Amino acid sequence: MQQFSITDFRQQFPILQSLVNGKPLIYFDNAATTQKPMCVIENQSDYYQHSNANVHRASHALSAKATVAYEDARQRVKKFINANTEQEIIWTKGSTESINLVAQSWGRSTLRPNDEIVLSHSEHHANIVPWQIVAEQTGAKIKVLPLSETGIIDIEQLEDVIGERTRIVCFGHISNVIGRINPTAEIIRVAKKYQALTLIDGAQAIAHIDVDVMALDCDFYVFSAHKMYGPTGVGVLYGKKAILEQMPPYQAGGEMIKTVSFEQTSFNELPHKFEAGTPNVAGVIALGASIRFLEQQGHAALFAYEEQLRAYCFAQLSSVKDLVFIVAGEPDIPVFSFSLKGQHNHDVAAALDSVGIAVRSGHHCAMPLMQYLQVTGCVRLSLSAYNNFQEVDFAVQQLKILTQSVLETCDETSSNTSHLRLSASNNHNPIVSNDLTVDDVLAMFAKAKGWDSKHREIMLLGKKHVRLSVQDKTEQSIISGCESHAWLVCYQETSGKFRFKGDSDAKVIRGLLAIILAAVNNKTAAELNAFDLDDYFSTLGLLQHLSPSRGNGLRAIVKKIEQLIAHSNC
Ligand code: PLP
């Protein structure tokens with residue numbers, strides 16, 4: 001077996017040398033997207049510098065060069081997943097579009113009322129919503145496969161769900177939350193018994209295990225380039241040629257036609273029938289480069305390293321007191337989903353981010369799975385072959401610090417927040433709020449050097465923030481657009497001044513609320529209009545450091561304040 005050197009491998013990813021929030025980046029969000037090696041980055045820019053032309057269309061040399069590289073990538077993908085012919089490889093913009101293509105082309109033309117589409121409880125929204133839409137359009141029904149204790153699709157119950165009415169069974173090869181390989185061969189066998197087609201969502205599997213579509217004998221297999229060190233905006237739909245040939249086009253336009261007249265149009269051969277318009281030529285060619293890159297590393301050696309890393313990370317995470325995995329037992333790929341008892345998932349992710357560790361928290365585009373497992377969300381660490389053991393150690397150390405509630409014990413000694421107190425409530429003012437001023441906040445943040453200190457101040461504010469009563473947490477007070485649940489209520493005094501109070505189940509959002517409310521409380525509408533919130537946030541250094549999604553949370557709070565003032569229903 002070829003040797004795998006983690007040092008050499010890592011060096012090929014320039015982004016891994018970055019500092020994030022002043023700390024070396026530890027990128028543990030690979031299930032969302034992987035980083036790109038230099039050869040893929042250079043491939044894209046090289047294409048634009050030396051080969052850019054539209055494919056299949058012109059008779060000039062540059063177009064021929066681009067077309068050769070573009071079709072060479074198709075050959076590589078065909079070989080990579082062991083398809084029968086390159087006509088079975090359709091370019092899309094990602095797994096999501098591949099599934100939509102099958103749902104709208106095959107599904108819409110084939111499904112009849114009461115036909116059944118079988119999914120599983122662990123699907124990504126990309127493998128649920130397209131089927132719901134086509135079910136609505138055709139009168140077909142959706143049925144759902146249950147999971148076993150270990151989080152894989154339960155083979156004992158396959159035939160309780162798959163039956164005579166089943167037309168297609170669509171499931172993830174590996175769930176993006178659970179990280180276990182589903183019993184794919186068995187599911188395909190049962191689907192075939194009932195002449196149902198199978199679609200496998202390989203978005204998570206493609207970077208971590210060998211995929212052989214002929215051996216699987218599935219009808220469709222989908223994946224995205226960006227999860228396997230390739231570019232964003234390119235994906236693959238593999239489909240058996242005989243089935244693809246029967247399917248009508250998905251989108252119409254140039255390239256997917258043979259002849260067009262106003263009376264009649266005839267469609268192109270596979271795979272072009274499904275590739276309307278100018279494709280992502282640079283991206284497709286760069287996907288070819290990412291496959292070449294993977295092959296050069298030696299698949300077996302790379303997977304063997306990942307396996308060691310997976311086992312090590314699982315053992316280390318298991319040693320964290322109060323860490324609860326979303327399902328019991330070891331995942332098959334290095335994707336670990338868990339919560340820390342007593343801590344909001346969003347707070348855990350924000351704390352890790354403050355020391356440079358990128359993870360994801362929330363529902364991971366798998367809301368039905370969260371409901372099935374009766375959790376509101378989880379934190380996910382997803383590793384790749386460029387991650388190393390030291391990074392795992394550092395993350396685990398940070399999680400241990402979090403569970404030991406270092407923030408809780410330190411805050412009495414170092415907090416600047418002694419000015420936090422309840423303002424006296426009076427008969428006219430039912431809102432009890434923190435009496436924190438803009439000057440207090442500015443002073444606090446002026447002392448905080450670096451993002452981790454700012455994050456710490458936000459968390460301390462969040463901890464001291466006066467909570468809303470259950471009665472105040474209503475549909476009307478909810479702030480939509482925040483990553484966690486958040487609420488805002490307000491009251492206008494007879495003097496015309498507004499008093500706000502907010503709450504969230506995440507400490508970090510409570511801290512942000514405290515900062516915003518310090519700026520907006522006790523102001524009239526005119527004073528609020530004159531106050532430059534953007535300037536305030538940027539002086540605090542929050543705009544630069546908060547991720548767009550959390551930034552949106554911040555924006556969502558501001559929007560809610562504006563709404564409350566405008567409607568004066570506070
Ligand atoms: N399916 C699974 C299992 C995924 O994890 C993802 C993305 O995270 C998708 C589908 C959608 O992939 P894309 O956004 O690349 O279309």
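Small disclaimer: the values here were computed from a predicted structure and weren't measured. Counting starts at 1 for both ligands and their atoms, following the listed order.
- Counting non-hydrogen atoms of other residues, nucleotides and ligands closer than 6.0 Å to CD of E186 gives a total above 12.
- Summarising the local packing, CZ of R10 is surrounded by more than 12 heavy atoms from other residues, nucleotides or ligands at distances under 6.0 Å.
- Proximity of the aromatic rings of F336 and F28 is defined here by a centroid distance below 6.0 angstrom, and this criterion is not met.
- Ligand 1 places these atoms under 4.0 Å from at least one heavy atom of N176: 5 (O).
- Contacts with ligand 1 closer than 4.0 Å are made by side-chain heavy atoms of H226 only, the backbone lying farther away.
- If you check which protein heavy atom lies closest to atom 5 (O) of ligand 1, you get Q204 NE2, 2.7 Å.
- Using 4.0 Å as the threshold, H364 has no heavy atom nearer than that to any atom of ligand 1.
- Close contacts of ligand 1 with S224, meaning ligand atoms under 4.0 Å from a residue heavy atom, involve 12 (O), 13 (P), 15 (O), 16 (O).
- When non-hydrogen atoms are compared, ligand 1 lies under 4.0 Å from the backbone of S95 as well as from its side chain.
- Closest to atom 16 (O) of ligand 1 among all protein heavy atoms lies T96 OG1, 2.5 Å.
- At least one heavy atom of K227 sits less than 4.0 Å from an atom of ligand 1.
- Between F274 and F267, the gap from one ring centroid to the other reaches at least 6.0 Å.
- Not a single donor-acceptor pair under 3.5 Å links the side chain of H364 to the backbone N or O of A366.
- Shortest contact from atom 4 (C) of ligand 1 to any protein heavy atom: H124 CD2, 3.3 Å.
- Under a cut-off of 6.0 angstrom, the local environment of CD in Q49 is crowded, with over 12 non-hydrogen atoms contributed by other residues, nucleotides or ligands.
- Heavy-atom separations between D201 and ligand 1 include at least one value shorter than 4.0 Å.
- Salt-bridge check for D217 with K240: passed, with a basic side-chain N closer than 4.0 Å to an acidic carboxylate O.
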